[in-house]
Amino acid sequence: MKLMKLLPLAAIIALPCAGFAQDTAVVAETAAAGVADDTPQMAEIGYIFTTFMFLITGFLVFWMAAGFTMLEAGLVRQKNTTMQLMKNVALFSFAALLYYALGYGLMYPGAPADGVYPDSWMIPGWLGAFSMASLEQVGGSPDTDLTYASVGSDFFFQLMFCATTASIVSGTLAERIKLWPFLVFIIILTGLIYPIQASWKWGGGYLNETLGFLDFAGSTVVHSVGGWAALAGALILGPRLGRYGRDGRVTPMPGANLPLATLGMFILWLGWFGFNGGSQLYMDTAGNVADISRIFANTNTAAAGGAIAALIMTQVMYGKPDLTMVLNGALAGLVSITAEPLTPSLGAATLIGAVGGVIVVFAVPFLDKLKIDDVVGAIPVHLFCGIWGTLAVVLTNGDATFMGQLISIAIVGAFVFVVSLVIWVILKAVMGIRVSEEDEMTGLDVAELGMEAYPEFSKG
Amino acid sequence: MKLMKLLPLAAIIALPCAGFAQDTAVVAETAAAGVADDTPQMAEIGYIFTTFMFLITGFLVFWMAAGFTMLEAGLVRQKNTTMQLMKNVALFSFAALLYYALGYGLMYPGAPADGVYPDSWMIPGWLGAFSMASLEQVGGSPDTDLTYASVGSDFFFQLMFCATTASIVSGTLAERIKLWPFLVFIIILTGLIYPIQASWKWGGGYLNETLGFLDFAGSTVVHSVGGWAALAGALILGPRLGRYGRDGRVTPMPGANLPLATLGMFILWLGWFGFNGGSQLYMDTAGNVADISRIFANTNTAAAGGAIAALIMTQVMYGKPDLTMVLNGALAGLVSITAEPLTPSLGAATLIGAVGGVIVVFAVPFLDKLKIDDVVGAIPVHLFCGIWGTLAVVLTNGDATFMGQLISIAIVGAFVFVVSLVIWVILKAVMGIRVSEEDEMTGLDVAELGMEAYPEFSKG
Amino acid sequence: MKLMKLLPLAAIIALPCAGFAQDTAVVAETAAAGVADDTPQMAEIGYIFTTFMFLITGFLVFWMAAGFTMLEAGLVRQKNTTMQLMKNVALFSFAALLYYALGYGLMYPGAPADGVYPDSWMIPGWLGAFSMASLEQVGGSPDTDLTYASVGSDFFFQLMFCATTASIVSGTLAERIKLWPFLVFIIILTGLIYPIQASWKWGGGYLNETLGFLDFAGSTVVHSVGGWAALAGALILGPRLGRYGRDGRVTPMPGANLPLATLGMFILWLGWFGFNGGSQLYMDTAGNVADISRIFANTNTAAAGGAIAALIMTQVMYGKPDLTMVLNGALAGLVSITAEPLTPSLGAATLIGAVGGVIVVFAVPFLDKLKIDDVVGAIPVHLFCGIWGTLAVVLTNGDATFMGQLISIAIVGAFVFVVSLVIWVILKAVMGIRVSEEDEMTGLDVAELGMEAYPEFSKG
Amino acid sequence: MKLIIAAIKPFKLEEVREALTAIGVRGMMVTEIKGFGSQSGHTEIYRGAEYAVNFVPKVKLEIVVATSMAEQVVETIAATAKTDKIGDGKIFVLDVQSAVRVRTGEINDDAI
Amino acid sequence: MKLIIAAIKPFKLEEVREALTAIGVRGMMVTEIKGFGSQSGHTEIYRGAEYAVNFVPKVKLEIVVATSMAEQVVETIAATAKTDKIGDGKIFVLDVQSAVRVRTGEINDDAI
Amino acid sequence: MKLIIAAIKPFKLEEVREALTAIGVRGMMVTEIKGFGSQSGHTEIYRGAEYAVNFVPKVKLEIVVATSMAEQVVETIAATAKTDKIGDGKIFVLDVQSAVRVRTGEINDDAI
Ligand SMILES: Nc1ncnc2c1ncn2[C@@H]1O[C@H](COP(=O)(O)OP(=O)(O)O)[C@@H](O)[C@H]1O
Ligand SMILES: Nc1ncnc2c1ncn2[C@@H]1O[C@H](COP(=O)(O)OP(=O)(O)O)[C@@H](O)[C@H]1O
Ligand SMILES: Nc1ncnc2c1ncn2[C@@H]1O[C@H](COP(=O)(O)OP(=O)(O)O)[C@@H](O)[C@H]1O
């Protein structure tokens with residue numbers, strides 16, 4: 001995302017959320033606008049364009065929640081499907097609440113004005129102040145700054161990024177983690193971990209101001225963060241029963257419903273146009289809308305590059321193309337282009353995505369070697385390719401420095417990984433995070449929820 | 001929806017649908033616009049914004065038809081899945097035709113000008129005149145009123161609401177009703193019942209003018225109407241065989257495919273942004289687009305509130321969270337916020353949605369106590385929460401009066417329930433609405449359609 | 001699509017894709033715009049509207065790729081599902097690459113200026129020059145022509161049409177064709193065949209200039225092209241084993257997952273709003289946006305007409321409605337209206353769609369009579385109805401001539417069918433296009449990919 | 001001991017299970033099968049092509065009981081599964097030589 | 001009477017059914033099974049991990065026929081299911097003590 | 001020859017298969033079944049309605065072996081499938097009269 005925004009927060013602070021102020025407000029404005037009340041003032045047009053753009057790209061990113069749900073429901077075994085659905089619906093819902101209650105405020109304390117951070121930071125550049133999100137009054141406020149977008153649209157859009165981060169974690173830890181400890185972690189992730197580190201870049205914090213870190217739509221700020229949290233969880237949680245034999249033999253546990261997984265991939269691909277496109281943050285000029293167009297085209301070609309790379313790699317390496325790897329490959333391409341979907345040419349974007357696809361094909365078995373059990377391949381896709389994509393920014397964007405990117409990746413990674421690790425350890429000690437062996441063998445659906453995902457289909 | 005519209009209808013009446021007038025029209029306009037023919041006239045901009053907004057929110061609401069289909073296909077038993085798919089595809093198609101042939105005209109006879117209803121009403125304030133929908137001529141008409149939106153976009157958007165009402169009915173009556181009697185009811189519902197009662201509010205009729213009834217996007221006008229029609233049907237049709245034992249024992253008939261049901265819920269959630277957002281009806285000013293943003297944010301948080309409420313309630317009450325209840329809970333939150341998605345603060349919206357989630361958890365077993373067999377929980381979600389949401393308007397919108405809301409709910413409910421009941425009784429007498437016992441046991445797919453939904457999957 | 005575009009190509013040629021030019025560009029433009037940098041220049045507004053419209057309708061058409069995937073995955077047998085998913089993901093990815101590398105350049109050499117074709121044609125009116133697609137520089141270029149849309153958005157939108165053409169082929173040839181030969185054909189189809197013939201109409205070539213051929217969104221240019229390629233493939237490939245008995249008995253091979261197929265149909269229906277609506281190509285005036293509204297409404301009603309026609313036909317002819325035919329019917333309605341979604345009235349559009357639905361019901365068994373094995377009914381839907389829709393243009397658009405349409409259909413058909421036939425024959429000779437009998441009986445999933453789509457579901 | 005194999009109509013399963021429990025049957029194995037018999041052979045139409053449906057879904061019960069009980073079990077199934085419509089099913093009785101309960105190692109009559 | 005149990009390759013089911021009908025078999029029970037045998041054991045790769053496929057899909061037929069007919073049925077199945085490739089399957093014959101047709105109560109040879 | 005029918009817990013299948021292969025069993029038929037027995041009968045809640053779960057998923061093994069081997073096979077299954085928890089399953093042994101290997105036509109002990 002290009003620049004963090006003072007104004008929304010200003011707005012937040014300025015305006016109490018006066019619910020019933022509606023009509024007055026409307027009237028006021030109407031009056032103001034007078035006769036031609038249905039023709040926007042010239043100054044409003046850019047504001048309408050950008051706000052509407054956020055709403056549309058925002059609902060596309062929302063749709064990604066369904067994508068993760070289908071992808072994961074398709075890649076887990078039948079007996080754990082209901083639980084995976086439950087986790088995904090619940091995590092999105094909690095993310096929505098927490099980002100409203102804590103996240104949005106923490107994430108956008110505002111950029112420093114000539115070097116000086118506003119008081120909205122508790123620790124300037126590192127930790128924002130606590131405040132609940134609230135929107136402009138109904139009818140909009142006369143003193144709204146028209147150069148950006150409505151707070152509501154910005155909040156809506158940003159909320160979806162927070163939820164995406166949470167979605168990444170559920171896939172890795174599937175088939176063995178208990179529902180509630182998982183949700184407690186999600187609450188902490190979406191209410192604190194994500195927004196705090198995001199403020200360092202997009203909130204105008206240290207990484208942005210001092211390290212000149214560039215991460216357009218969040219290869220690091222969103223995807224690798226989800227990946228780090230998932231990795232920490234996987235280490236504490238341990239692999240699924242019978243997944244790794246003593247002799248280093250890996251027992252595949254094939255996904256139960258590949259059409260569902262493929263649908264999930266397509267949903268994510270679609271949602272990503274909003275994810276990257278909306279991160280342009282402005283659609284108020286020909287230049288901005290042309291940039292958003294570049295981003296759409298680059299995002300698409302990077303996904304294609306990733307899919308084809310994985311297709312060819314698995315054909316060559318295993319003699320048979322692996323659909324699940326091709327799905328991961330497309331997502332890898334998308335994650336890889338996310339840090340910089342604007343500046344690359346179509347050719348460069350395709351290559352950046354293709355490298356992501358290759359990374360995944362090697363990373364998946366590599367994690368198995370390390371006995372790190374990542375059910376859906378979220379760590380290779382979101383963490384490994386998130387890092388790759390963030391470094392790849394330097395290839396096409398002259399403003400990025402390799403060290404600036406690398407250090408930022410390290411700072412974010414260290415923070416998220418360590419904090420997550422601590423939380424997982426505490427959760428394990430306090431409430432236990434893993435289901436009993438018997439329950440795991442029976443499957444979480446029957447054991448934990450008493451509800452099968454496909455009760456009438458006999459298991460082959 | 002804020003205000004009903006004289007103008008579209010004016011347009012409808014004014015303009016014959018002159019198909020081939022295209023080029024002339026285009027030329028004309030082009031000429032008019034002259035050199036800068038690609039720069040909109042200032043006065044056109046608001047019109048373009050609002051029209052485009054309707055097209056986008058309209059396709060989102062269209063998408064809800066797929067949501068209902070997946071939700072229902074996932075919650076019925078395997079042996080009735082093909083039929084459920086068939087009913088949903090068919091009901092949308094018939095709704096599209098009937099709303100074009102009858103509904104749109106009946107629904108928008110136009111608001112009274114200083115107390116006097118236009119002749120487009122047969123019974124002023126209560127029954128519009130019959131007229132088929134038709135759109136502006138190709139290329140738009142020179143004398144289009146530019147303060148609102150194109151007739152085509154308005155028709156497209158409103159059509160989807162009519163179809164939504166119909167979709168609600170199919171879920172409740174699943175697994176036992178015959179295809180054709182069901183479709184006959186849908187034809188009457190979408191061609192007459194829905195548009196007539198909708199005209200009372202959105203067409204500028206009695207409820208709107210005299211009772212000051214407020215129902216922003218249709219908790220009552222759309223959702224409870226579907227619910228009332230479904231309730232009437234369920235009473236006449238009776239429960240599924242073996243559903244209720246003499247001893248009051250309820251035999252669960254678990255949905256065959258929960259990932260499908262979850263996908264349906266996510267589709268509905270996505271579509272609802274269009275459902276509520278588009279109901280702002282204008283996007284031509286900063287104030288309007290800011291309001292739409294509020295609506296998106298509130299709609300999202302209400303759904304989250306409903307899902308979490310149902311999650312916690314089922315965990316507490318049953319010891320195990322119930323995914324199907326959580327899905328219903330999210331939808332309950334959405335229905336609850338639909339009557340007033342604009343004025344609540346984020347916090348208020350979350351609570352309004354959460355109450356909806358709680359209602360559903362109690363309403364589902366309550367209906368079973370009454371031996372009213374609602375296969376997918378459509379009555380709790382759309383009727384009960386529709387009523388709750390409509391009453392809840394008074395909490396955040398000073399313009400709403402409790403009595404005004406209550407009386408309107410009662411009038412609409414009485415009308416729809418009674419008329420539906422009569423129609424169901426007639427259909428039962430004339431053609432029979434229920435399949436034979438044997439067919440019901442065999443399943444409608446094989447018995448009625450001779451086509452299994454999952455022919456190759458053996459039934460467990 | 002109304003008119004082909006000189007400008008994008010001009011842009012392409014004019015501008016090297018200067019990746020890192022971003023910030024300079026931005027700065028420049030910002031400076032230019034001065035204080036009010038967030039208020040678009042009046043001249044930019046139409047450009048922003050149209051560009052944004054392309055991005056939105058473009059992502060809707062992208063979504064159709066998921067629709068075809070689900071439709072086909074639902075209509076093949078269980079044992080070939082993974083392969084069908086693989087083919088669809090791969091074909092879209094290759095289409096994206098090829099359209100970038102070859103297609104876009106070949107397709108838009110530009111219209112002749114007073115009769116003289118630009119040098120961007122190798123063979124004026126028939127074959128464009130080779131050039132890779134490239135977008136405007138970051139930040140947009142000062143000398144962008146503001147009367148149309150950004151190259152990026154146009155490329156993004158057009159790319160999706162190319163991919164759609166490819167998707168059509170995979171369904172017909174399912175369950176027996178090898179992966180790689182299929183993909184080789186797709187590469188040729190999307191890199192050469194599609195763009196070359198598309199340039200004849202939309203690139204300002206012979207059909208457009210000389211024959212006055214009208215094909216608004218591609219009943220012929222997209223759908224029948226896919227259909228012809230599929231037909232050629234089906235003839236060379238032959239029917240599935242055991243499909244046709246010597247005695248002319250047809251053995252049905254029912255689709256394994258009808259909810260998936262129905263989901264696919266709904267996705268396609270949704271995507272089609274973008275497919276037809278975006279083909280208006282301009283949204284910069286009230287007239288254009290009103291036209292797009294007409295197109296949305298007509299597209300929707302045509303689909304409904306097709307579905308209902310198929311529903312009634314199968315009920316009457318077979319005594320039981322056939323869901324798969326109803327799904328095909330809706331798609332048939334969509335294909336039929338695609339050549340002219342603008343000029344018909346709602347009633348005319350419904351009828352045009354309904355005729356499509358009828359065609360499909362007769363065409364499917366007709367192809368079986370000819371022992372042409374089309375697994376998902378793509379030929380009846382896309383070829384037969386593509387032709388019908390193209391001819392039906394004359395019914396509502398005075399500019400179309402029956403002969404002009406017919407000859408154009410014939411030229412395009414002859415070219416695509418013959419070239420495809422040759423390629424299929426060569427592929428068959430060189431690498432073999434069909435799996436072994438044993439593999440076909442085992443199913444492509446296990447035999448070719450070693451991965452089942454539903455590994456845990458026992459086959460009934 | 002005897003192994004009783006019965007093919008019945010799926011919707012009769014619950015009723016039969018209850019009847020058998022009532023007479024003291026403590027266990028059984030239930031399998032979804034495709035049945036071929038006189039009931040088979042009606043035709044359906046799929047996408048315009050007519051075809052014969054040769055298999056109808058049935059449920060197969062396998063029950064091992066003490067010889068003394070076998071007759072009663074057969075009669076109970078026969079009585080409960082009966083609808084007098086074609087396709088009601090069949091019951092077969094085979095000899096079982098020995099039985100073991102895995103959990104306890106008990107054998108024969110104690111095992112069932 | 002005899003119970004004939006045969007495990008065959010799934011795609012042979014229709015052919016076998018037709019052949020059996022031809023020689024007068026009026027009923028059978030068909031079950032999808034996972035077969036383990038000499039055919040089993042090839043390896044596949046899933047997400048980079050190699051594993052052995054120990055079970056191959058088979059179809060199990062269970063047919064009760066009059067003793068006099070048993071041999072012919074076995075021969076017919078053996079002949080029709082044969083592909084000469086490994087995994088063709090097995091046929092087993094067991095004794096059946098009694099049979100009942102639920103609908104009519106007919107027993108033994110009349111029941112089948 | 002003997003037909004050994006065993007109902008075991010699904011997650012034990014792989015272990016049992018390996019144990020049997022180890023003692024020289026070369027083939028078997030595996031079927032997913034719904035088991036009814038003493039383990040059955042716990043209750044669940046679905047959308048607020050309580051109901052009893054009467055069937056639990058089990059796996060049925062059918063193995064034909066030479067008479068000489070039968071005992072060992074039974075013991076192996078019993079030993080491997082044992083978890084000492086209710087629902088471990090049952091093993092039944094029946095007489096098999098004859099066997100044929102479709103591919104080769106070999107019969108009886110040579111066929112298995
Ligand atoms: N000879 C047989 N061997 C094994 N199973 C049989 C036999 N005959 C019938 N069955 C089973 O019994 C079921 C019902 O038999 P069918 O002939 O259709 O009706 P009915 O029992 O009324 O004569 C069949 O679907 C099949 O599963
Ligand atoms: N001893 C056995 N008991 C039961 N079923 C067996 C036995 N041996 C083989 N089968 C069944 O026969 C099928 C084919 O046997 P297999 O050994 O694979 O090939 P072949 O029949 O060519 O020797 C196996 O998949 C299994 O279902
Ligand atoms: N009499 C029986 N006949 C056939 N199968 C049986 C019989 N009794 C038990 N079974 C099978 O064995 C399984 C386990 O038996 P169960 O009584 O539940 O536990 P346990 O074996 O510990 O006594 C049952 O699910 C059922 O499949």
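Any value given below was found using the heavy atoms of this structure, including those in side chains, with hydrogens, waters and symmetry copies removed. Lettering follows sequence order; numbering is per chain, from 1.
- Residues F:M29 and E:A7 approach most closely at SD-CB, 3.8 Å, considering heavy atoms.
- Between atom CZ of residue E:F92 and atom CD1 of residue F:I112 there is a gap of 7.0 Å, rounded to the nearest 0.5 Å.
- For E:E71, the CD atom counts as loosely surrounded, since its 6.0 Å shell holds 12 or fewer non-hydrogen atoms of other residues, nucleotides or ligands.
- Note that the CG atom of E:N54 and the OG1 atom of F:T21 stand 7.5 Å from one another [nearest 0.5 Å].
- Only the side chain of E:K2 comes within contact range of chain F, with at least one heavy atom under 4.5 Å from a heavy atom of that chain.
- Heavy atoms only, all atoms of each residue included: E:K82 and F:R103 are closest at NZ-O, 2.8 Å.
- Not one N or O on the side chain of E:K90 forms a donor-acceptor pair closer than 3.5 Å with the backbone of F:V100.
- Interface summary for chain E: among F:E106, F:M28, F:R17, F:R26, the most heavy-atom pairs under 4.5 angstrom belong to F:R17.
- Among F:K60, F:E62, F:Q97, the residue making the largest number of heavy-atom pairs under 4.5 Å with chain E is F:Q97.
- The parts of F:R101 that come within reach of chain E are both its backbone and its side chain, each placing non-hydrogen atoms under 4.5 angstrom from that chain.
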* E:F55 and F:E14: CA distance, side-chain angles, deciding distance, side chain to side chain contact (heavy atoms under 4.5 Å, CB included) verdict -> CA-CA 10 Å; E:F55 295 103; F:E14 198 46 31; 4.1 Å; yes

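- Interface remark: F:L20 contributes no atoms to any contact with chain E (heavy atom separation under 4.5 Å).
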* Please report the C-alpha distance between E:K34 and F:E32 in whole Å, then the side-chain angles of each, then the deciding distance to 0.1 Å, and finally whether the side chain to side chain contact (heavy atoms under 4.5 Å, CB included) criterion is met. => CA-CA 9 Å; E:K34 293 187 286 183; F:E32 291 281 334; 4.2 Å; yes

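- The side-chain contact (heavy atoms from CB on, under 4.5 Å) test with F:V96 singles out one residue from E:L3, E:D95, E:L94, E:I5, and that residue is E:L94.
- In this structure, the separation between CD1 on F:I33 and OG1 on E:T31 is 11.5 Å, given to the nearest 0.5 Å.
- Of the listed residues E:A6, E:A79, E:G37, the one with more heavy-atom pairs under 4.5 angstrom with chain F than any other is E:G37.
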